[in-house]
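Report on the structure given below.
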Amino acid sequence: MASTYNDGSRRLQDRFDTRRLADRLDERFVQRAVIDADDRAFIERMDMFFLASADAEGRPQCSYKGGDPGFVKVLDEHTVAFPNYDGNGMYLSMGNLLVNPHVGMLFVDFTAERPSRLRLNGTATIDEHDPLVEAWPGAQFAVRVHAREVFPNCPRYIHRMALVERSRFVPREESEVPVPDWKRTTWACDVLPSNDPARKR
């Protein structure tokens, strides 16, 4: 396995005397690429996660990905998959995956009695023809991530929150997705893709 820590991490660990602790955490939790049963249950009940990506020059993007609970699927002990839904058409994160497949996924449960979080780092691929696309109404393509590291994080700084309402814009088979207001603005409506449903409403 590649070293978890770079020179910057090591300098700070030495400055604050945490190298021994960091090595123990790495040994016990980080140096594992397996999604176990508890990880699977956690991931598949989540309705959102944060995705970190970087372009070919290493410039980062961080994006929020949301859906209905279970929209991220655990395919096996090394692989997860999630859909890409219609967004703003910039494809910043997804474009990054085409030039630099390394990603980080951060799952946070803000609503549990004991909030918790899980990190999954790995490499991603995009496929418009993936058979999984049919499992997600409205998906443009599937993203599969092969896990390199799967590990929990200390939850002590997670704020406990309550879910107020699920997004009405998540595509669902039983309902038509509403057009977001920004697609009706004068600066956007004339440059929408020709197949965008907003052009027809």
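Every value quoted in this text rests on a predicted model; they were computed, and no experiment measured them.
- Ala81 and Leu75 make their closest contact through CB-CD1, 3.9 Å (heavy atoms, listed as atom of the first residue, atom of the second, distance).
- Between Glu128 and Phe141, the shortest heavy-atom distance links the atoms CA-CB, 3.6 Å.
- Heavy atoms of other residues, nucleotides or ligands lying less than 6.0 angstrom from CG of Asn88 number more than 12.
- The side-chain heavy atoms of Val103 and Thr123, taken from C-beta on, include no pair separated by under 4.5 Å.
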Practice item. Take Glu149 and Val34, measure what side-chain contact (heavy atoms from CB on, under 4.5 Å) needs, and give me the verdict at the end. Key: CA-CA 7 Å; Glu149 299 165 338; Val34 174; over 6 Å; no
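- For the residue pair Trp182 and Thr185, the shortest heavy atom distance occurs at O-OG1, 2.7 Å.
- A continuous path of ILVMFWY side-chain contacts below 4.5 Å connects Phe42 to Val145, so both sit in one hydrophobic cluster.
- The two residues Asp86 and Asp196 make their nearest non-hydrogen contact at OD1-OD2, 4.5 Å.
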Check your understanding: Going through the distances and angles, do Arg144 and Asp130 end up as a salt bridge (Lys or Arg N to Asp or Glu O under 4.0 Å)?
Key -> CA-CA 9 Å; Arg144 291 185 185 231; Asp130 191 307; 2.5 Å; yes
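- When side chains are defined from C-beta on, Glu173 counts as touching Pro137, because their heavy atoms get closer than 4.5 Å.
- Looking at Met46 and Val72, their side chains never come closer than 4.5 Å, going by heavy atoms from C-beta outward.
- Remark: Trp136 CH2 to Phe71 CZ distance equals 9.5 Å, nearest 0.5 Å.
- By the 4.5 Å heavy-atom criterion applied to side chains, Arg24 and Phe29 are not counted as neighbours.
- Transitive grouping of hydrophobic side chains (ILVMFWY, heavy atoms separated by less than 4.5 Å) brings Leu98 and Met94 into a common cluster.
- Counting only heavy atoms from C-beta outward, the side chains of Arg114 and Asp109 never approach each other to under 4.5 Å.
- Scanning both residues, Leu97 and Ala124, for their nearest heavy atoms gives CD1-CB, 3.9 Å.
- Counting only N and O atoms by type, the side chains of Gln140 and Asn84 include a donor and acceptor under 3.5 Å apart.
- Within the 4.5 Å cutoff, side-chain heavy atoms of Ser53 are placed close to those of Gln61.
- In this structure, Arg28 does not pair ionically with Asp23, as no charged nitrogen and carboxylate oxygen lie closer than 4.0 Å.
- A salt bridge is defined here as a Lys NZ or Arg NE, NH1 or NH2 lying under 4.0 Å from an Asp or Glu carboxylate O, and Asp68 with Arg166 fails to meet this definition.
- Side-chain contact check for Arg184 versus Val179: some heavy-atom pair is nearer than 4.5 Å.
- In this structure, CZ on Phe49 lies 7.0 Å from NZ on Lys65, to the nearest 0.5 angstrom.
- With hydrogens and angles ignored, the 3.5 Å screen pairs no side-chain donor or acceptor of His102 with any backbone N or O of Ala54.
- There is no side-chain donor-acceptor pair under 3.5 Å between Asn96 and Ser93.
- Checked by atom type and distance alone, the side chain of Glu44 pairs as donor or acceptor with a backbone atom of Val74 at under 3.5 Å.
- Residues Met48 and Tyr64 meet the side-chain proximity criterion, which asks for heavy atoms closer than 4.5 Å.
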Donor-acceptor pairs under 3.5 angstrom involving side-chain atoms of residues 150-163: please list them, not counting sequence neighbours.
from	atom 1	to	atom 2	distance (Å)
Asn153	OD1	Arg119	NE	2.5
Asn153	OD1	Arg119	NH2	3.4
Arg160	NE	Ala112	O	3.1

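- A salt bridge links Asp7 with Arg11; the closest basic N to acidic carboxylate O contact falls under 4.0 Å.
- The minimum heavy-atom distance between Lys183 and Gly87, with the atom names listed, is CE-O, 4.4 Å.
- Distance CG/Leu51 to CG/Leu106: 10.5 Å, rounded to 0.5 Å.
- Note that OH of Tyr91 and CD1 of Ile126 are 10.0 Å apart. Values are rounded to the nearest 0.5 Å.
- Atom CZ of Arg10 and atom CG of Asp14 lie 7.5 Å apart (nearest 0.5 Å).
- The CZ atom of Phe169 sits 14.5 Å away from atom OH of Tyr85, with the distance rounded to the nearest 0.5 Å.
- Hydrophobic clustering (side-chain heavy atoms under 4.5 Å, transitive across Ile, Leu, Val, Met, Phe, Trp, Tyr) groups Leu118 together with Ile35.
- The ring of Phe107 has its center no closer than 6.0 angstrom to the ring center of Phe50.
- By the side chain to side chain donor-acceptor pair (under 3.5 Å) test, Tyr5 is found to be paired with no residue, residues two or more places apart in sequence or in another chain being considered.
- Looking only at distances, a side-chain donor or acceptor of Asp55 sits under 3.5 Å from a matching main-chain atom of Arg59.
- Under a hydrophobic clustering in which Ile, Leu, Val, Met, Phe, Trp and Tyr are joined whenever their side-chain heavy atoms come within less than 4.5 Å, directly or via other members, Val80 and Val108 fall into different clusters.
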